[in-house]
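Accompanying notes for the structure given below.
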4 protein chains.
Amino acid sequence: MSDKKERILQATEKLLAEYGFHGLSMQMVAKEARVAAGTIYRYFEDKDDLLYQLHDHILGYVANKLTANVNDEMPIEQQFRTMWLNIWNMAINGDAPLINRGQFENLPRRNSQEQRRLEKTMFAKVDTMFNQGKADGVFKDLDNEILSALGLEPSACLARKHVNGVYAVDDEALNATIDACWDAIIKHK
Amino acid sequence: MSDKKERILQATEKLLAEYGFHGLSMQMVAKEARVAAGTIYRYFEDKDDLLYQLHDHILGYVANKLTANVNDEMPIEQQFRTMWLNIWNMAINGDAPLINRGQFENLPRRNSQEQRRLEKTMFAKVDTMFNQGKADGVFKDLDNEILSALGLEPSACLARKHVNGVYAVDDEALNATIDACWDAIIKHK
Amino acid sequence: MSDKKERILQATEKLLAEYGFHGLSMQMVAKEARVAAGTIYRYFEDKDDLLYQLHDHILGYVANKLTANVNDEMPIEQQFRTMWLNIWNMAINGDAPLINRGQFENLPRRNSQEQRRLEKTMFAKVDTMFNQGKADGVFKDLDNEILSALGLEPSACLARKHVNGVYAVDDEALNATIDACWDAIIKHK
Amino acid sequence: MSDKKERILQATEKLLAEYGFHGLSMQMVAKEARVAAGTIYRYFEDKDDLLYQLHDHILGYVANKLTANVNDEMPIEQQFRTMWLNIWNMAINGDAPLINRGQFENLPRRNSQEQRRLEKTMFAKVDTMFNQGKADGVFKDLDNEILSALGLEPSACLARKHVNGVYAVDDEALNATIDACWDAIIKHK
DNA sequence: AATGAATGAGAATTCATTCAT
DNA sequence: CATGAATGAATTCTCATTCAT
């Protein structure tokens with residue numbers, strides 16, 4: 001991807017995370033990316049297109065990070081814990097600053113093929129894991145959307161609170177929390 | 001509260017839910033609330049103040065709804081299920097449309113006393129429930145913030161998916177999901 | 001019509017006549033009309049609408065001037081000469097500066113009812129005159145559009161040259177020219 | 001003239017005729033002429049210069065067409081009718097599309113020598129014809145500018161209406177119109 | 001000579017806020 | 001108190017022009 005296009009996307013993400021939508025002007029993006037205002041329009045139709053493409057860009061990044069170091073040879077629980085921590089670490093490190101802020105969901109979306117493809121990619125391994133867990137009789141017989149809300153969502157939610165300074169989580173609590181998420185999705189006789 | 005002020009707040013909430021921040025102009029709020037543009041400024045300092053006050057207004061509403069039909073005489077599990085369903089129903093009914101959209105968290109906040117007070121009120125009964133559950137040895141020994149992320153957050157998360165049409169939840173699955181949340185927060189010997 | 005709207009239309013006409021389309025910015029119109037830029041948009045949808053409305057406005061003015069002091073009781077030749085001179089004087093006096101410049105025809109048009117109505121009004125008396133002249137056996141048996149091109153168009157054409165300083169016409173030549181236009185449209189045995 | 005320069009001029013004329021001044025950007029000219037944007041600036045100072053040169057270019061073309069098949073050996077009336085039809089045909093055929101649209105007169109002009117020379121050339125034969133007609137006692141004793149407005153202008157005016165679809169002229173009417181123009185400029189006993 | 005990416009000044013338009021009525 | 005016309009700064013986007021390759 002062109003150096004300038006990449007810089008523009010990164011500048012946009014940074015400004016959005018820092019100032020929110022209200023504070024996002026094309027002039028500021030241009031300044032932050034060290035390009036002229038008009039240059040943005042060589043790479044993006046208009047402001048909406050910039051935000052659409054940013055959405056896809058972040059989604060791709062997250063899809064990649066989420067399933068890092070996960071493969072379906074690993075025991076299910078290890079797969080689960082790895083993903084849980086991948087989400088946590090991504091949020092804590094500020095890798096994808098928009099995710100923390102809950103502003104990512106508010107990016108305007110289009111139903112582009114690219115996005116569909118990325119979303120499929122993103123959840124492929126997650127789906128595989130949940131399906132495998134259910135086949136093994138370890139997980140509750142619930143749809144993957146629900147298992148995801150029970151098991152992984154709290155990671156993002158808690159990381160958000162942690163990063164925002166609302167509430168600090170220490171390592172011991174973190175492990176206990178992962179265990180609790182595991183409790184939520186597994187069958188208890 | 002003055003009739004006009006109330007109308008302005010409701011108009012703002014409706015427009016925000018429908019069109020998002022991008023489409024919220026003071027002129028539109030005035031029109032929707034059937035007042036003159038200048039009138040808004042008799043009740044609100046400026047646009048930011050309107051959004052701050054809307055935040056507090058919604059928070060108060062939600063705090064109220066969340067703990068409806070809950071009292072600490074009830075068995076813990078019943079308290080928990082009631083709150084869980086209060087959240088779910090509020091979201092499903094579109095009572096507080098901003099909550100569904102995840103736009104509530106993006107309202108600008110100030111650290112007003114009013115807000116702190118409301119937040120305390122909001123979580124007082126929730127805190128009481130969690131504390132009681134821990135004292136009884138039923139709940140895991142985790143901070144209330146974590147218990148909340150494990151037990152109640154999935155309700156809001158799932159309701160969001162449901163309302164957005166991403167994923168439909170039937171009654172049976174709903175009950176199983178509440179059970180799973182309960183599994184997340186209770187001790188398993 | 002609102003004082004401000006009238007001022008905006010006049011400012012637009014003046015600037016167009018003076019600087020052409022190239023030099024017509026909304027800021028300049030606002031300045032010339034002594035209103036704020038935003039005020040223009042209370043009276044006109046956008047720039048195109050301003051030009052559309054200007055077209056109608058001028059057309060109404062011209063329709064009125066063209067047939068001033070003409071009624072169908074007058075001898076045909078007097079009606080014709082009056083109209084011819086109405087065109088000439090309007091152009092010479094700079095009453096409708098856009099007409100001189102040939103820029104009027106280049107105003108963007110819409111097919112509004114108002115415009116159709118005005119155009120009908122404009123040519124009603126002209127049509128009546130030509131029809132009467134043909135009925136009397138004085139005029140050639142040609143369509144009114146052609147009679148207009150032969151008899152009245154040269155007035156506008158010459159006035160344009162006169163005003164632009166390309167060529168000066170004195171009173172004697174003027175009368176001879178009207179006679180020549182008359183020659184163009186009447187039958188010669 | 002360089003192939004590229006010619007292509008640029010033609011592209012400009014086409015785009016002007018099709019979209020008007022509003023839609024004429026250097027990028028579009030470049031694209032239409034199949035050259036790079038920067039290349040235009042090797043042949044033309046700037047956008048104004050491009051339009052100046054286009055004016056001269058068209059004027060030269062028109063000057064040439066106007067007096068095609070005309071020489072001062074021919075009878076006056078035949079010279080006149082030939083020129084009249086040259087104008088008519090040029091307009092009808094869309095040879096010089098800007099002329100029809102009345103946009104030609106709105107091209108920015110400079111008082112260049114080249115232009116003066118071309119205008120002289122253009123009217124040399126016309127002047128000769130009018131002078132000869134007056135010397136023969138056939139034409140009215142009016143300045144050539146006036147004779148031109150009376151005799152030739154209606155050709156352009158009518159062709160414009162014809163091309164714009166406002167009014168259709170058939171062959172019979174066309175001949176009658178030329179006769180009427182002749183009536184306008186000749187002496188009647 | 002030719003290219004076309006990059007520039008940045010300038011244009012149209014919006015909208016929070018004010019203030020005379 | 002309430003109004004809503006008016007304001008003008010700020011925003012998005014365009015496009016003539018330049019210049020490194």
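Letters go in sequence order (proteins before strands), and every chain restarts at 1. Predicted, not measured: the structure shown is a model, and the values here were computed from it. What's counted below: heavy atoms across the whole structure, side chains too, no hydrogens, waters or symmetry copies.
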Check whether any side-chain heavy atom of A:Ile40 lies under 4.5 Å from a side-chain heavy atom of A:Lys4, and answer yes or no. no

Side-chain touch A:Leu24/A:Leu51, heavy atoms, less than 4.5 angstrom: yes

How many Å lie between [atom1] on [X] and [atom2] on [N], as a whole number?
X	N	atom1	atom2	value
A:Met28	F:dA10	CE	P	13 Å
C:Arg42	E:dT13	CZ	P	16 Å
D:Asp48	F:dC15	CG	P	16 Å
C:Lys31	F:dT7	NZ	P	15 Å
D:Tyr41	E:dG4	OH	P	16 Å
B:Ile8	F:dT3	CD1	P	9 Å
B:Lys47	F:dA10	NZ	C1'	13 Å
B:Glu45	E:dT18	CD	P	10 Å

DNA chain E nearest-nucleotide lookup for D:Ala36 and B:Asp46: closer to the 5′ end is D:Ala36

Pick the nucleotide of DNA chain E nearest each of B:Ser25 and A:Arg34; which residue has the one closer to the 5' end? A:Arg34

Hunt down the Watson-Crick or G-U wobble partner of [N], both distances under 3.5 Å, from any strand shown, or write none.
N	value
E:dC15	F:dG8
E:dA1	none
E:dT21	F:dA2

If you draw the axis of the six-membered ring of A:Tyr52, does the NZ or CZ of A:Lys47 fall within 45° of it and under 6.0 Å from the ring centre? no

Quick check: on DNA chain F, is the nucleotide nearest A:His22 upstream (toward 5') of the one nearest A:Thr39, or the reverse? Name the residue that is more 5'. A:His22

Closest-nucleotide ordering on DNA chain F, the 5'-leading residue of C:Val35 and A:Gly38: C:Val35

Have A:Tyr43 and A:Asp49 got a donor and an acceptor in their side chains that come within less than 3.5 Å? no

Please state whether the phosphate of E:dA6, meaning OP1 or OP2, lies under 4.0 angstrom from any side-chain nitrogen or oxygen of A:Lys4. yes

Distance below 4.0 Å between A:Tyr43 side-chain N/O and E:dA6 OP1 or OP2: yes

May I ask you to say what C:Phe44 touches in the nucleic acid, namely base, sugar-phosphate or nothing, with a heavy-atom cut-off under 4.0 Å? nothing

Please classify the nucleic acid contact of A:Leu24 as base, sugar-phosphate, or nothing, using heavy-atom distances under 4.0 Å. sugar-phosphate

Donor-acceptor pair, distance only, cut-off 3.5 Å: does the side chain of C:Thr39 make one with the backbone of C:Val35? no

With a 3.5 Å cut-off and just heavy-atom distances, do the side chain of D:Gln27 and the base of F:dA16 make a donor-acceptor pair? yes

